[in-house]
Amino acid sequence: MKKVIVFLAGDGIGPEVTRAAVTVLREAAHEFHHQFEFAEFPIGGAAIDAAGTPLPNATLDACRKADAVFLGAVGGPKWDSLPVGKRPESGLLALRQGLGLYVNVRPVKLFEPLRGISPLKADRLGDLDLEIVRELAGGMYFGERGNVVENGVERAFDTESYSTSEIERIATFAFARAESRSRRICSVDKANVLASSQLWRRTVTAMSAAYPGIRLEHMYVDNAAMQLTLRPSQFDVLLTTNMFGDILSDAAAALAGSIGVIPSASFGSSAPLFEPIHGSAPSLAGTDTANPIGSILSVTMMLRDAFGLSLEADWVEQSLLRVLSGGFRTPDLAEPGARTVTGSAFTEMLREEMQRTLEHAERYGWGV
Ligand code: IPM
Ligand code: MG
């Protein structure tokens, strides 16, 4: 298979975790005889420094032509004083917009060896395996905003707004996703207060008639946050808005042990984008302590969901599970007795384990 993949390493720990993604994709290409062509472009703070803008035209053009895009992370204290719209984060938002990405999927699944570091007790945690389907192109992130001065008092505003068609296209994706999982959707809104949420709930309810095999329930976002903490295993697909999805996905990630292990995939009208959800973690940058797992699982989503390469994706995931079962951990996952290793050492161990998986495919029950 021939694919062009654009890498946007970005800021902070972005370059470190991007290296892990490159390593895994190189191995997959080598062992399975794929031709993956790699290109690198600047985004975020790095692009502000190099080109004066967080999303240079050349970066967006290259992404539009790619088969898939991988992004490390953007942002950092160096650019914190810049106004909204000029910050590194606006490069990511412009990229999402420029690629027409309206779907963001964030799977939150417990790796059994990490059960002990979840902040939830084992009986509450249960079988944590859910997916947050976050609307990515609308809502407050892209609604009208501004600053005004009224009678000498400054006021700033952001607008939450959704149209029926914006709700329908993200819900269509969520219903399809639920078809391939346990056929349950929980749609999260704030319909007891917000007009946009009332339209959201009405639209999703109307659509559910076309999916008689799927059980749809609705939940207010405050209750959903509580239920996630009390009994996350009640959820399968969580369908929600841009803003609520941003907040709930960090909360859900903590349950899996660390935000460092959660990947994401975004889809829309052009190239799909794959990124770990952890952000640029400036305090960790350059220390080789960043957890590469979010990045690695974003690559397995790329292999499976963008290229249809499930065998390769299973190969990486099974190998990763065995490295964790061996007790190896980056510092964010360390617990007493764990063998703490650097991010790059962890990636190297995974690469070696991937080799062993190939050698012992039958014994490991992979690809047979
Ligand atoms: C995320 C991040 C981004 C968001 C930031 C970096 C703009 O928090 O992907 O969850 O808010 O969407
Ligand atoms: Mg976020």
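Side chains included, hydrogens not; waters and symmetry mates left out as well; all remaining heavy atoms used. One-based numbering, in listed order, for ligands and for the atoms of each. Numbering starts at 1 and runs along the sequence shown.
Classification of Asp305 and Arg177 as a salt-bridged pair holds, one side-chain N sitting under 4.0 Å from a carboxylate O. Between Asp314 and Arg304, at least one side-chain N (NZ, or NE/NH1/NH2) sits under 4.0 Å from a carboxylate O, which counts as a salt bridge.
Distances from atom 3 (C) of ligand 1 to the heavy atoms of Glu89, Met243, Arg96 show the closest one on Arg96.
Shortest contact from atom 8 (O) of ligand 1 to any protein heavy atom: Asp246 OD1, 3.2 Å. In terms of protein heavy-atom proximity, atom 1 (C) of ligand 1 is nearest to Arg106 NH2, 3.3 Å. Closest protein heavy atom to atom 11 (O) of ligand 1: Tyr141 OH, 2.6 Å.
For Arg201 and Tyr162, the positive end is not near the middle of the six-membered ring at less than 6.0 Å and at most 45° from its axis.
Residue-ligand proximity: His278 is placed with every non-hydrogen atom at 4.0 Å or more from ligand 1. Contact between Ile277 and ligand 1 is absent, with no heavy atom of the residue lying under 4.0 Å from the ligand.
Asp246 contributes OD1 as its N, O or S atom closest to the Mg ion (ligand 2).
Residues Ile185 and Phe175 meet the side-chain proximity criterion, which asks for heavy atoms closer than 4.5 Å.
Taking a cut-off of under 4.0 Å to the non-hydrogen atoms of Arg134, the atoms of ligand 1 that pass are 1 (C), 4 (C), 9 (O), 10 (O), 11 (O), 12 (O).
Contact between Leu110 and Ala256 at its shortest, heavy atoms only, is CD1-O, 4.2 Å.
Between Phe7 and Phe274, a ring centre-to-centre spacing not shorter than 6.0 Å is recorded.
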